[in-house]
Structures are given as structure tokens and as C-alpha cells.
*Asks:* 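Here's a structure for you.
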Amino acid sequence: MRYRWIQVWAVSTGFILPGISLNAQQSDATRLIGEGDRLAWLKNWQAAEPYFAKAEPMFREAGDRRNELYAQIGRIRGELQKRGLFETSTFLDSLLDDPLLKNDAQLRLRCLTVKGDVDMDFDTDLAERDWTEALSIAKTLGDSPWINRSNGELGLISFLHGDYSAGALRVMGALSQTQKLKDLGGQIRYLTLIGDGLLQIGRYDQAIAMFDQAIAVGRGDPDLGEPAMAYAGKAQALGSLGKNSEARELLESLLQTSRGKSAFGYESQALLELGKLEERMGQGPAAIDRLGQAVVEAKKVNGQNLISEADLELSKALLKERRYSEAEIAAREGLEASRNNGDKLLVPRSLTQLALVEESKGQYRIADGLFGEASEIVEAMLATTPNQYAKSSLASSMDSVFLGRFELAATHLNDPSKAFMIIEGIRGRAITDTLRFRPVNRGPEPASLTRAEKEISGLELRILKAGAVERKRLITDLLNSDKALVAAPLRKKRQPPRNALSPQAGRSPGRLYRSGRPPRRSSGSECRTTR
């Protein structure tokens, strides 16, 4: 069989421990894991997830906890479109403290690569720690494919951190290696990433060429799934060139393919992109129809991130058409989904959209309260974001929060003093951030969070879901916890376990930001990180 070598490799390298004598159930579970791994390596996690889900209880019944954990981690990655990013990252972090993962390099590598995927859409600083340790372990194991993928992900992180030259070189190098290693899933990912980079700087024709290559690779194997983000990127590039008909045709093609495969995550993503395209073309009713369908399809897979994004865009389109009641329903639904997902970017954006709806209805005090809640959340997240580039990216992405609150105070509330305080607050934050002490070159950090970092992450999640009174208390606790973390002058460096991992395993250059994408990609089975 074409991929039989992957299954053999999974056993021989220790991803699946053969044991002294496997009973029939363990043998069946091992075969399921092998097939799941084959599909997962192709980055088709939607197709891989059922295999891991079937194998997990079989290993549990056999008393094989090691391989039960391996299957569980794979299942979690396959379910990512349905799960909250914050909670998933926290759970995977807790697994890193498990003695099994401290002593089993292969199992730890699996957890780190899955956590790295989650954190890439959640906190690129954490992702840097994940992928740095993954790279170290892969080097120790002599695992060339994972060495290359880890390098590629670290290149993307460098780019997101503002080191464009180093990031581009690393991603290009990873692409070259994926071609040599015949890593089709990796090729699609890095071709798409390079295309996205070209798209961001306005080199649309070159971006289209990269997206076309990614799409062509995707056609090379039916098990690869649809490279949804390559389609979306190409459609955006075509739209930027004024080729809206071609963009629509491309997305319609993706939509039809997704419907043929009952791939609801892809279908929702295609409908979302079509809705955005119709909106840019000034086709409000058509955009509303597409975005409404996107929400429906996202709900079929319980894709909280897709629901929140589609509802946000739907509320905007409805508001433009002055359909206020419907816009409010969509905004509230999107806010609930973003809170369920624990998304530090989408929660304040959803609050801001709901505030704009209330403002349009003349409910100025309600709108001011919503703007205030969004502002408090953003301020809290900025205060605990140590990297200046990440802080700048987060602040710029939240401009609508502060601008909306300022305009409301200056116009409808007729409160110039409050408007002045909002502006002064923004200026004061910039000065405070400059003065705040953050240790430079603190030394590499392991992927596992410290107790203090776990406490901060837990407080951040609770802030997203708290009411006004509790939120203020939690923000105070958060700032105090962060202050204590910053004030620790020379935090004792933790050593990684000296066992199956190398003495250098688990080291990382530093922290950044969680929700930190610029590129907001996710998992509507490949709607975010995977492609």
C-alpha cells in the first residue's frame, strides 16, 4: 500500500509501542492509529479524527495509557473546530506535566506539535515555545520531516513577530525541504503562507501563483482534503485585482466540492468568503444570504470560531441594511460563540459590533457600556502582552473599540470630557508600556507553563466571560499576577526532564501573544492553522 511505510514507521519509531504481545483489540487500535497518522500527516485532520476517536477507548480498555494519550491528543486536534482554543491549550499544557510525556520523547513531540497548532491561532508566543521544544526533540530523534515542519512554523512566528527577513527565509527553506521530503501537506501549508505574505504587501499576481501551486498539490491526492485557505487567498487576490467574477467562480467551486464531500467546515468557510466578497461588491442582500448560510453550516460542526466570525460579518451586513433587530441577534450570537471559544480578539470585536448596533438603535448608554467592556478586556490583554510588536499588532487590530467609544462620547453622549479621557487613556497606556519593565534576554523557556503563567491564563479566560463587577476584580488580580511575574528578577530556569528527551529539549527564545494572529486562519477543519 502507498502509505504502508507510515504505519510501519509509526510502530518502529515508538509512536505506537508494539508491546510484548498485542491482543486483537490492541492490534485493531494500532491499525486505526496508523491510518489516523497517515491522514494527519497530510493535514487532513477532519478525516483523521474518527480513527483516533475509535482507537482511544480500545487502548483504554487494554490498559495501554500511553497509546490512549496518543490517540486522545490526535482526537483533540481533529476536534479543534469544535473546541475552545484557550481551554484546549490549557489542557494540552497540563498533559506536558504528565510523567509519561516527560519520559516519552515521541509522545511529547505529538503533544507539542498539536499544541503548537492550537497556540498559533491563540498566542504566538506560546506557539514559539511549543515549536522550539518540538524542534529540539525532533533533532534528538533525527526526525527530518518534523525538524523541517518545526522550522517552518518558527519561521511563520518570526514573521508575525516582525522579523520579516528571517521569517521569510525560514518559511522558504521549509517549503524547499517539503518538496525534497515529498511532504504534500507541508507544501500546501507553506505555499499558502507565502501566498498570504505576498497578498499582504499587494503583490497579487505572485500571490495567485503561490495559491495555484497549493491548489495543484491538493489535487495530487484525494486524501489531502481541500486547501480552503489557498482558495480563499486566491479569491481575495483576484478581488483586489478587480476580478470579482473569477473570485466568485473560484469560491463557488470550493463550495460545490465541499457540499459533495459533506465537509461542513469547508462549506462554512467558502460561504463566509463568498459573503465577504458580495459585501465588498456592494451586494448587501446577497452577502446576508451567504453569511446566514455560513452560520448554519458552522453550527452543524459546532464550530464556535466559524460561528463567531460569520455572525460578526452577518451583523455588519445587516446593520448596513438597517435591519437592526436581526443585526443585534447575530451580534449577540457571535459574542456568545467567541466567549465559548475563549478568543481574546473576537470577544472585544463582537462586543464592539453589538455596541454599534445599539448605538444605531439610539441606545447610547447600553452602547457605551458595551464599548467599556470591550475596552477593559483589550486593556487587560495589552497589559499582559510582553512583546512590543505583538502589543502593537493587538492594539491596531482593536482600533475600532477605542475609536467607537470616542465617537460615541463625543457625538451622541455629548460628553467631551469623557472623549478626552479616552484619548488620554490611549496615550497614557503607550507611555506606561514604554516604562514597564520586561526582562530582556531572559533565556529560553520550556513549552510547559509555570504556575504563575497558568494563573494568568486562567484569569484571562475568566475575564472574557465575567460580568461587570467580577471583571473589574479579575482584571485587578490579573495585573497583580502579571506584576509579580515581571518583578521576579531572575526566575529560576527550569530544566527539562533528563530522560527520553535531550538535555536541551524544551528551550525557547521568548514569549509573544496569544490571539496574536495577524493571519486569522482556522480549523473549519482546515480553516485556520492547518493549511
*Asks:* Would Arg149 pass as a cation-pi partner of Trp131, given that its NZ or CZ must be under 6.0 Å from the six-membered ring centre and within 45 degrees of the axis?
*Replies:* no
*Asks:* Quiz question: by atom type and distance under 3.5 Å, do the side chains of Glu153 and Asn151 form a donor-acceptor pair?
*Replies:* no
*Asks:* Got Met172 and Leu169 here, is their nearest side-chain heavy-atom distance under 4.5 Å?
*Replies:* no
*Asks:* So, for Asp119 and Ala127, which heavy atoms are closest and what is the spacing to 0.1 Å?
*Replies:* CB-N, 3.6 Å
*Asks:* Compare all side-chain heavy atoms of Gln106 with those of Arg66 and state whether any distance is below 4.5 angstrom.
*Replies:* yes
*Asks:* Of the non-hydrogen atoms in Leu181 and Ser144, which two are nearest, and what is the gap between them?
*Replies:* CD1-O, 4.1 Å
*Asks:* What pair of heavy atoms forms the shortest contact from Ala337 to Ile307, and how long is it?
*Replies:* CB-CG2, 3.8 Å
*Asks:* So do Trp41 and Pro145 actually touch side chain to side chain, heavy atoms under 4.5 Å?
*Replies:* yes
*Asks:* Quick one: do the Asp183 and Tyr190 side chains pair a donor with an acceptor below 3.5 Å?
*Replies:* no
*Asks:* Does any non-hydrogen side-chain atom of Gln187 lie less than 4.5 Å from one of Gln213?
*Replies:* no
*Asks:* Just jot down the side-chain contact (heavy atoms from CB on, under 4.5 Å) partners of Ala168, sequence neighbours excluded, or say none.
*Replies:* none
*Asks:* Side-chain contact, heavy-atom cut-off 4.5 Å: Asn67 with Ile33?
*Replies:* no
*Asks:* With a 4.5 Å heavy-atom cut-off, do Leu346 and Asn341 have their side chains touching?
*Replies:* no
*Asks:* Given 3.5 Å as the limit, does a donor-acceptor pair link the side chain of Ser89 with the main chain of Phe86, or not?
*Replies:* no
*Asks:* With side chains defined as the heavy atoms from C-beta onward, is the minimum distance between Val171 and Phe159 less than 4.5 Å?
*Replies:* no
*Asks:* Walk me through it: do Asp223 and Arg38 pass the test salt bridge (Lys or Arg N to Asp or Glu O under 4.0 Å)?
*Replies:* CA-CA 9 Å; Asp223 287 331; Arg38 180 183 74 82; 2.9 Å; yes
*Asks:* Just verifying a value: how many Å separate Thr90 OG1 and Lys115 NZ, rounded to the nearest 0.5 Å?
*Replies:* 8.0 Å
*Asks:* Would you say the side-chain atoms of Asn44 pair up with the backbone N or O of Leu39, donor to acceptor, closer than 3.5 Å?
*Replies:* no
*Asks:* Passes side-chain contact (heavy atoms from CB on, under 4.5 Å), His161 versus Glu128? Steps please.
*Replies:* CA-CA 10 Å; His161 286 198; Glu128 182 178 39; 3.7 Å; yes
*Asks:* Within 45 degrees of the axis of the six-membered ring of Tyr70 and under 6.0 Å from its centre: does Arg110 put its NZ or CZ there?
*Replies:* yes
*Asks:* Looking at Ser176 and Gly173, would you say the former's side chain and the latter's main chain have a donor-acceptor pair under 3.5 Å?
*Replies:* no
*Asks:* I'd like to know if the side chain of Arg339 and the backbone of Val347 have a donor-acceptor N/O pair within less than 3.5 Å.
*Replies:* no
*Asks:* Could Arg189 and Asp117 be called an ion pair, given the rule that one side-chain N must be under 4.0 Å from one carboxylate O?
*Replies:* no
*Asks:* Ignoring hydrogens and angles, tell me if any N or O in the side chain of Ser136 forms a donor-acceptor pair with the backbone of Thr132 under 3.5 Å.
*Replies:* no
*Asks:* How far apart are the C-alpha atoms of Trp45 and Leu80, what are their side-chain angles, what is the distance that settles it, and do they pass the side-chain contact (heavy atoms from CB on, under 4.5 Å) test?
*Replies:* CA-CA 9 Å; Trp45 285 97; Leu80 192 55; over 6 Å; no
*Asks:* Between Glu56 and Arg75 (salt bridge meaning N to carboxylate O under 4.0 Å), is one present in this structure?
*Replies:* yes
*Asks:* Using 0.5 Å steps for rounding, measure from the SG atom of Cys111 to the CG atom of Leu92.
*Replies:* 5.0 Å
*Asks:* Could you measure the distance from the CG atom of Leu107 to the CG atom of Asp98? Nearest 0.5 Å is fine.
*Replies:* 8.0 Å
*Asks:* Go through the side-chain N and O atoms of Glu309 and Asn305 and say whether any donor and acceptor fall under 3.5 Å apart.
*Replies:* yes
*Asks:* By salt bridge (charged side-chain N to carboxylate O under 4.0 Å, His left out), which residues pair with Glu336, not counting sequence neighbours?
*Replies:* none
*Asks:* Could you tell me the separation between the CG atom of Leu271 and the CG atom of Leu306, rounded to the nearest 0.5 Å?
*Replies:* 10.5 Å
*Asks:* Please find the pair of heavy atoms, one from Ala228 and one from Tyr266, that lie closest to each other, and give the distance.
*Replies:* CB-CD2, 3.6 Å
*Asks:* For residues Trp146 and Leu141, determine if any side-chain heavy atom of one lies less than 4.5 Å from a side-chain heavy atom of the other.
*Replies:* no
*Asks:* Answer yes or no: is there an ion pair linking Glu133 with Arg108, defined by an N-O contact shorter than 4.0 Å?
*Replies:* yes
*Asks:* Nearest 0.5 Å, please: how far is CD in Glu470 from CD1 in Ile475?
*Replies:* 11.0 Å
*Asks:* How close do Ala310 and Val295 get, heavy atom to heavy atom, and via which atoms?
*Replies:* CB-CG2, 3.6 Å
*Asks:* Start with the C-alpha gap between Leu96 and Leu112, add the side-chain angles, then the distance that decides, and say whether side-chain contact (heavy atoms from CB on, under 4.5 Å) holds.
*Replies:* CA-CA 8 Å; Leu96 292 175; Leu112 285 166; 4.0 Å; yes
*Asks:* Check whether Thr124 reaches the backbone of Met120 with its side chain - one donor and one acceptor, N or O, closer than 3.5 Å.
*Replies:* no
*Asks:* Could you grab the distance from atom CE of Met229 to atom CD1 of Ile215, nearest 0.5 Å is fine?
*Replies:* 11.5 Å
*Asks:* Any ion pair linking Glu333 and Lys299 (charged N to carboxylate O, less than 4.0 Å)?
*Replies:* yes
*Asks:* Does the pair Glu313/Lys316 count as a salt bridge with the N-to-O cut at 4.0 Å?
*Replies:* yes
*Asks:* How close do Ser338 and Ser308 get, counting heavy atoms only, and between which atoms?
*Replies:* N-CB, 3.7 Å
*Asks:* With Lys139, which residues qualify under salt bridge (charged side-chain N to carboxylate O under 4.0 Å, His left out), at least two apart?
*Replies:* none
*Asks:* Would Glu68 and Gln72 count as having a side-chain donor-acceptor pair, cut-off 3.5 Å?
*Replies:* no
*Asks:* Go through the steps to decide whether Leu191 and Val217 satisfy the test side-chain contact (heavy atoms from CB on, under 4.5 Å), and finish with yes or no.
*Replies:* CA-CA 10 Å; Leu191 284 166; Val217 172; 4.2 Å; yes
*Asks:* What residue among Asp37, Ile73, Ile76 forms side-chain contact (heavy atoms from CB on, under 4.5 Å) with Phe52?
*Replies:* Asp37
